[in-house]
Amino acid sequence: MVKLTLPDENILEISKGKTVRDAALQIGQGLADASIAAKINGKLVDLHYVIENDADFEILTEKSEEALHVLNHSAAHIMAEAVVELFPNARPTIGPSIEPVGFYYDFYIEKPFTQEDLDRIQKKVDEIIAEDTKFLREEMSLAEAIKYYQKVEDNKFKVEILKEMETEEVSFYSHGNGAFKDLCRGPHVPSTKRVKAIKILNASAAFWRADANRESLQRVYGVAFFNPKELRKHVNMLEEAKKRDHRIIGRQLDLFDTADEWGPGMPLIFPKGRAILEVMRDFWNKEHEKAGYEIVQTPHVYKENVWQTSGHTEYYVENMFPVNLKGEKWYVKPMNCPGHMMIFNRRTYSYKELPIRIGEMGTVYRYELSGALHGLFRIRSFTQDDAHLFMLSEQLEDEIVDVIQMINHFYKAFGFTDWEFFISTKPEEAIGTEEGWEHATSSLKNALVRLDLPYKIKAGEGVFYGPKIDVDVKDAIGRRWQLATIQVDFNLPDRFDINYIGEDGQKHRPFVIHRVIFGATERFLAILIEHYAGKLPVWLSPIQVTVIPITDEHIEYAKQVSLNFQNEGIRAEADLSGERMEYKIRQATMQKIPYIINVGDKEVEAQTIAVRSRGNKVEFGVKIKNLIEKIHKQMENYE
RNA sequence: GCCUCGGUAACUCAGCGGUAGAGUGAUUGACUUGUAAUCAAUUAGUCGGGGGUUCAAGUCCCCCCCGAGGCUCCA
């Protein structure tokens, strides 16, 4: 007998050599029918997996998130079979499931897929699912597998994958008549019909191994669910995301616009957009002053020699806007770092004065590739909430702790509830000493450990000049955005010869970290717009109160009410246009203004207001003072 | 920069060889209204740019520019 420890700590005894499905059946028919795969000692396995030893055991049913990934992965295989049948020249490469849900498969094929091709693929996929055949696992030695892909399939991509593998045995999966089998670790759903709902979404180009110098592949995206209802929900979510598109809301709410007329990637921020950015800036200034930062301002353009010192002319010149005048070469700044280095260097600091924290909301310009531009998410002129911290080696960990705490405070205030930390370690090509990297990387880790924050490691993904922490923030519809970054920099201190005087009276190189929290303020604004679907909380709303008079006779009172709010630091306006009151209410509602105030005879008489708040609730006879207090409280609490 | 799909009025889009259209907006006038669109008039475009095919081209063909979705880049 084999003892399986279930998630609820109960022990399930089964006879040796039984499969996962048998074990599930032993618990109950319902569970067996609902099961997709299982976890044995935390490792994902098929239902066909034969259990030989005692282990921790967990059945994955359709309800679990991991099962959905298994399903999507299986869907990728089914699609690959469909593609290979329809296009015998296509060479499958890799096809994983993706976050938050969905899959893709990359094919090497001469001709890109058209919309008609995708329709045919969808049809073929549906056929394969309808056939309801089992996913079968087959083991093969590594050498045999390489031979298979060299001789039978003529697929150099799979051979390349196999040659990098360190195991001796690999597994294949097949379904249908078995003509198509694919190298895969598994696990998979037991049979093709478990894919109850699948949609082939779109195709695009992708490079093999994400390397622009390698072959260009055709990537087909799709998404699969256990039932059609979930698929519909997902499609609705995609539509919801489309509705939240900050470019559209930005135009509706008169926040900003981009257009190629005045330069692709150069957004014009309108008054209401700027009002939100101003709230962000105020918050930022306040928090940074509290945390002992010195706020500075640096120019937008420097002479070439600055960029030669920083190394930008050598390595980043393609991304910089050049300015030539009177035979001299200048560059518009793509980064704020040089300015901060030069400010640090204006005098000599003693070790007693460190850490020095220099911060700036600095607008930078980068010539991004045209294909990368997208609304405010990716632009060529944007403002970084930049700061550089100069410190002693032993201060590194404390400083990182402080920055992380500030990051947590920021994201909470702006209404996010979920974010993740990633540490990127030393890449292959890097500068700086081994000890420096070691100390910096462990300081990053220790800081997170000290704050009891979980993190993941991205091995070798650090920048050449130092290790870093990246923070991914999850928005209201589950999308992840990389926002904050804390990077240790071994490069610029050397290039700008940054020093402090130590206890020994000698010059020493401080540790320098570069960090942003918003990242780019314009991008952060766009994320806020999509996170809140335009319905910004009161403290961020560009217009917090609008006052609508019922007839022209109430204009004076409306003006007076509006002024009352303005005098209390509240962003208020009065709509005195010639439109009907109902029309103005509709406009204000669509502008997502938190408080819409109506004033007529009754209000003038009683010196009150009628307040319509979000959700279309109207409250009559409200005292102006009371609403002012309420809004003040909301602004203080970042609501 | 690469692949796919697009570009018609300020916005959303229809028209797909035969006289450039609709809704929204904007402007003006009338209406003075008690809680999500008052009525009317006016304004609308080198149909992304260039070249070609045709008696005739938003419409078919070629080149370029720009955008979207991906990929890449993110010193």
Side-chain angles (χ1 to χ4, degrees), chain A residues 98 104 106-107 109 111-118 201-221 238 241-242 245 247-248 251-252 254 257-261 263-265 307 310-320 334-335 337-338 364 366-375 378 380 382 429-431 461 463-466 470 482 485 487 489 491-492 495 514 519-520 523 548-555 577-591 596-603 610-612 616-620:
Chain A
I98 51 176
Y104 69 79
D106 284 349
F107 302 94
I109 185 168
K111 236 178 76 214
F113 296 113
T114 62
Q115 188 56 50
E116 289 80 63
D117 292 339
L118 294 184
L201 294 171
N202 57 323
S204 71
F207 294 111
W208 171 238
R209 294 275 151 112
D211 182 346
N213 299 316
R214 303 291 307 268
E215 293 83 349
S216 181
L217 308 174
Q218 292 303 313
R219 174 170 298 180
V220 183
Y221 284 90
L238 292 179
K242 226 185 243 173
D245 191 321
R247 292 164 302 179
I248 294 173
R251 198 154 36 216
Q252 282 166 351
D254 199 30
D257 204 4
T258 59
D260 54 277
E261 287 160 58
W307 305 112
S310 68
H312 282 84
T313 45
E314 202 175 335
Y315 298 105
Y316 202 62
V317 73
E318 305 247 304
N319 289 291
M320 297 203 285
M335 295 181 198
C337 334
V364 296
R366 295 182 188 174
Y367 187 77
E368 302 283 358
L369 293 178
S370 62
L373 301 176
H374 178 102
R378 200 63 187 266
R380 285 173 173 157
F382 57 95
E429 275 190 41
I431 58 152
E461 288 196 29
V463 208
F464 79 99
Y465 54 75
D470 288 325
Q482 202 229 295
T485 182
Q487 308 183 338
D489 191 333
N491 184 38
L492 288 180
R495 286 183 167 271
H514 153 81
R523 176 165 170 268
I548 299 173
I550 289 176
T551 76
D552 285 359
E553 283 172 29
H554 313 115
I555 284 180
S577 65
E579 299 295 342
R580 281 168 56 94
M581 177 195 62
E582 286 86 348
Y583 183 81
K584 291 182 186 175
I585 291 171
R586 180 178 155 80
Q587 290 302 310
T589 308
M590 292 194 309
Q591 289 294 306
I596 301 165
I597 290 174
N598 262 174
V599 291
D601 287 339
K602 285 185 217 161
E603 285 73 24
V611 182
R612 170 186 291 256
N616 280 332
K617 286 193 257 324
V618 186
E619 204 185 331
F620 294 92

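Every chain is numbered from 1 and lettered A, B, ... according to where its sequence line falls, protein lines coming before strand lines.
- Within the nucleic acid shown, A:Y315 comes within 4.0 Å of at least one base atom, counting heavy atoms only.
- At the heavy-atom level, A:R209 lies nowhere under 4.0 Å from the strands shown.
- Going from atom CZ of A:F207 over to atom C1' of B:rU4 covers 14 Å, rounded to whole Å.
- Rounded to a whole Å, the OH atom of A:Y465 is 10 Å from the C1' atom of B:rC74.
- Residue-level contact check: A:Y221 touches the backbone only, with heavy atoms under 4.0 Å from sugar-phosphate atoms and none from bases.
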Summary of protein contacts for nucleotides 30-36 of chain B, nucleotide by nucleotide, where a base hit scores B, a sugar-phosphate-only hit scores S (4.0 Å, heavy atoms): --BBBBB

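- Closest approach of A:N491 and A:Y465 over heavy atoms only: CB-CB, 3.6 Å.
- Proximity of A:R219 to the phosphate of B:rG69: no side-chain N or O atom is located under 4.0 Å from OP1 or OP2.
- Nucleic acid contact for A:Q218: sugar-phosphate only, since backbone atoms but no base atoms lie under 4.0 Å from a heavy atom of the residue.
- For the pair A:R378 and B:rA68, the criterion of a side-chain N or O lying under 4.0 Å from OP1 or OP2 is not met.
- Proximity of A:Y367 to the phosphate of B:rC73: no side-chain N or O atom is located under 4.0 Å from OP1 or OP2.
- Nucleotides B:rU12 and B:rG70, compared at atom C1', are 25 Å apart to the nearest Å.
- Nucleotides B:rU42 and B:rU24 are separated by 16 Å at their C1' atoms, to the nearest Å.
- The separation between A:L217 atom CG and B:rU4 atom C1' is 15 Å, rounded to whole Å.
- Regarding A:I548, its CD1 atom lies at a distance of 13 Å from the C1' atom of B:rA37, rounded to whole Å.
- One can place CD of A:E368 at 13 Å from P of B:rG67, the figure rounded to the nearest angstrom.
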